[in-house]
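Written out below as structure tokens is the structure these notes cover.
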Amino acid sequence: MADAFINAVASFLPGDPVENEDLERVLGELPGGPSRLKGKILRSNGIVRRHYAYDRETGEVTHNAAQLAAEAVRDVASKGGIAVEDIETLACGISLPEHLTPGHASSVHGELGTHSCEIVSTHGVCCAGVTALKYAAMAVKTGDVRTAVATGTERASSLLHAKHFRAELDARRDDEDNPYIAFDQEFLRYMLSDGSGAALVQDQPRGLALRVDWIDIVSFAHELPTCMYMGAKRTEDGGLRGYRDAGTLEDALREGYFNLHQDVKVLGQNIVTVSTTKTLEVLKKKRGFTPDQIDWVVPHYSSEFFRAKSYDELVRSGFEIPYSKWCSTLTERGNTGCASVLIMLNDLLESGRVEPGHRVVLMVPESGRFSAAWAMLTAVQA
């Protein structure tokens, strides 16, 4: 089987960075005045600025998800010294598609408007970008194509804007005990943001490239309940009841089916062990994986709150990775879901710290129904 090399990585973050004090100016203020929880949530997640696809002066949307991805694709093609028309496979990951059909990749391809190519949409939560990267790498490794691009994209802001919650809040107007959106939704409102990342994968290295040694995605849905979901209500057995079984569409809107939910308690109980100990049990057996093989780790954690907890769990697992090897730009870029790891990998490469022979590990946990993606990349000089 042939090798696959990441020859360029790019990111696109819409608009100027939004500071914490401007959040409600951009996303709108919920009923009841300024959030009483915002300060606590922001101290916990550690994010100081992020990007939204909104014009903060007019409130108009500046980019949809396909346009965000297309910008990253054009940039990665330019950085890799190819034309967009040279892309043979386009694999596009997203957690929160803007429509049920067609697939996200179809919309990105349509936005590019250049040529016929193979497309594939990968859907999940935070692992969707790595799943797209794995598909692109497999397409190259098998020899089916010589040039592929993988993207991870999120436009969470459309689900975080105050107007999105209007139908549910109007239904609760007379509910004195629960007139506000749930904590899990407000928790996400001050955590998630917009952006896109892209990776150019080819069969030969150019310049300083990253050889894709392996990518593993491990699910624990067989033993853990649903944690993050949208378009559904969670059932007692940890499964989901979809909006199509809610009755009418109006019923689903009033009952908050289309709000993004994350069970913070279930998240805290499982996400760190899933992304570290439980996944490492699989990787050690499959890959003979040891911490001394790592020069850099690009860790996607949703909040700075989980940084120390992840490190401590790695130590308990006998897999300590010193903080000096961690490369996260969460606080400056925001949590862009499945785009985060590609955005951070771009930041690492642009820092100039990666040298030939360095081994870079991507580490991405997913709280949908708990999965984790790890990838081993080796820097080579063409």
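This one's a predicted model, so the numbers in the text were calculated from it and none came from an experiment.
Between the T226 side chain and the G238 main chain, a donor and an acceptor come within less than 3.5 Å of each other. Looking at H99, its side chain does come within 3.5 Å of a backbone N or O of P102 through a donor-acceptor pair. Of the possible donor and acceptor atoms, one in the side chain of N7 sits under 3.5 Å from a partner among the backbone N and O of Q204. At least one donor-acceptor pair under 3.5 Å links the side chain of R189 to the backbone N or O of L27. No donor-acceptor distance shorter than 3.5 angstrom exists from the side chain of S78 to the backbone of D75, with no hydrogens or angles considered. Side-chain atoms of K141 do not come within 3.5 Å of backbone N or O of D203 as any donor-acceptor pair.
Between W374 and V130 there is no side-chain heavy-atom pair separated by less than 4.5 Å. By the 4.5 Å heavy-atom criterion applied to side chains, V201 and V149 are not counted as neighbours. Side-chain contact between M363 and H300 is absent, with no heavy-atom pair separated by less than 4.5 Å. Contact check for N259 versus M230: no side-chain heavy atoms found under the 4.5 Å cut-off. Taking the side chain as every heavy atom from C-beta outward, R234 and V266 approach each other to under 4.5 Å. For the pair D251 and Y243, the minimum side-chain heavy-atom distance is 4.5 Å or more. Using a 4.5 Å heavy-atom threshold, the side chains of L96 and V125 count as separate. Taking 4.5 Å as the limit, every side-chain heavy atom of E154 sits out of range of all side-chain heavy atoms of L192.
When all heavy atoms of A132 and G93 are compared, the closest pair comes out as CB-N, 3.8 Å. Across all non-hydrogen atoms, the minimal contact from A65 to I94 is CB-CD1, 3.8 Å. Heavy-atom minimum distance, S310 versus V272: CA-CG1, 3.9 Å. In terms of heavy-atom proximity, Y311 sits nearest to P322 at CE1-CA, 4.3 Å. Closest approach of A339 to G195, counting heavy atoms only: CB-O, 3.6 Å. The two residues P14 and H51 make their nearest non-hydrogen contact at O-ND1, 3.1 Å.
Side-chain atoms of T131 and T122 form no donor-acceptor pair, as typed in the model, at a separation below 3.5 Å. Judged purely by distance below 3.5 Å, without hydrogens or angles, the side chains of S317 and T276 never pair a donor atom with an acceptor atom. Side-chain N/O atoms of S340 and T336 include a donor and acceptor closer than 3.5 Å. A side-chain donor-acceptor contact under 3.5 Å links T378 and D213. Side-chain contact check for D194 and S157: at least one donor-acceptor pair (N or O, by modelled atom type) lies under 3.5 Å. Looking at Q262 and S367, their side chains do bring a donor and an acceptor atom within 3.5 Å of each other. Under the 3.5 Å distance criterion, with hydrogens and angles disregarded, a donor-acceptor pair is assigned to the side chains of N346 and S11.
Note: H115 and H109 have perpendicular aromatic rings, judged against thresholds of 30 and 60 degrees for the angle between ring planes. Between F12 and H63, the ring planes are perpendicular. Angles over 60° get that label, and only those under 30° would be called parallel.
At a threshold of 4.0 Å, the pair E350-K79 counts as salt-bridged, since one of the basic side-chain nitrogens sits closer than that to a carboxylate oxygen. For K278 and E281, the salt-bridge test fails: no basic side-chain N is under 4.0 Å from an acidic carboxylate O. A salt bridge links E332 with R49: the distance from a Lys NZ or Arg NE/NH1/NH2 to an Asp or Glu carboxylate oxygen falls below 4.0 Å. A salt bridge links R155 and E98; the closest N-O separation between the charged side-chain nitrogens and carboxylate oxygens is under 4.0 Å.
Tested against R50 for a side-chain contact (heavy atoms from CB on, under 4.5 Å), the candidates L13, N20, N335, T331 yield a single pass: N20. Remark: of the listed residues S275, P299, C338, C126, C126 is the sole one forming a side-chain contact (heavy atoms from CB on, under 4.5 Å) with V364.
With rounding to the nearest 0.5 angstrom, the CD atom of E366 is 12.0 Å from the CZ atom of F220.
Both L42 and M191 belong to a single network of hydrophobic side chains, linked directly or stepwise wherever heavy atoms of I, L, V, M, F, W or Y lie under 4.5 Å apart. In this structure, L133 is not a member of the same hydrophobic cluster as V120, with clusters built from ILVMFWY side-chain heavy atoms closer than 4.5 Å. Connection of L314 to F305 is established within a shared hydrophobic cluster, with ILVMFWY side chains joined at heavy-atom distances below 4.5 Å, either directly or through further cluster members. Tracing side-chain contacts under 4.5 Å through hydrophobic residues (I, L, V, M, F, W, Y), one reaches I47 starting from M228; they form part of the same cluster. Linking ILVMFWY side-chain heavy atoms closer than 4.5 Å, directly or via other members, places V274 and I217 in two distinct hydrophobic clusters.
More than 12 heavy atoms of other residues, nucleotides or ligands lie within 6.0 Å of NZ in K38, so this atom counts as buried by the packing criterion. Within a 6.0 Å sphere centred on CZ of R74, heavy atoms belonging to other residues, nucleotides or ligands number more than 12. Sparse packing is recorded around CZ of R244, with 12 or fewer heavy atoms of other residues, nucleotides or ligands lying under 6.0 Å away.
Under the 6.0 Å distance and 45° angle rule, R241 does not count as a cation-pi partner of Y257. Judged by a 6.0 Å distance limit and a 45° cone about the ring axis, R359 is not positioned over the six-membered ring of W296.
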Stepwise, does the side chain to side chain contact (heavy atoms under 4.5 Å, CB included) test hold for E304 with L330?
-> CA-CA 8 Å; E304 284 291 300; L330 169 72; 3.9 Å; yes

For E88 and R146, what are the C-alpha separation, side-chain angles and deciding distance, and is it a side chain to side chain contact (heavy atoms under 4.5 Å, CB included)?
-> CA-CA 7 Å; E88 299 169 85; R146 300 186 64 185; 3.6 Å; yes

Begin with the C-alpha distance, continue with both residues' side-chain angles, and end with the deciding distance and a verdict on side chain to side chain contact (heavy atoms under 4.5 Å, CB included) for R206 and F5.
-> CA-CA 8 Å; R206 296 185 182 184; F5 301 90; over 6 Å; no

Test side chain to side chain contact (heavy atoms under 4.5 Å, CB included) applied to V360 and L349, step by step | CA-CA 10 Å; V360 180; L349 292 174; over 6 Å; no

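Between Y52 and H161, the ring center distance fails the sub-6.0 Å criterion.
Applying the side-chain hydrogen bond (donor to acceptor under 3.5 Å, both in side chains) test to S121 and every residue at least two apart in sequence or in another chain returns nothing.
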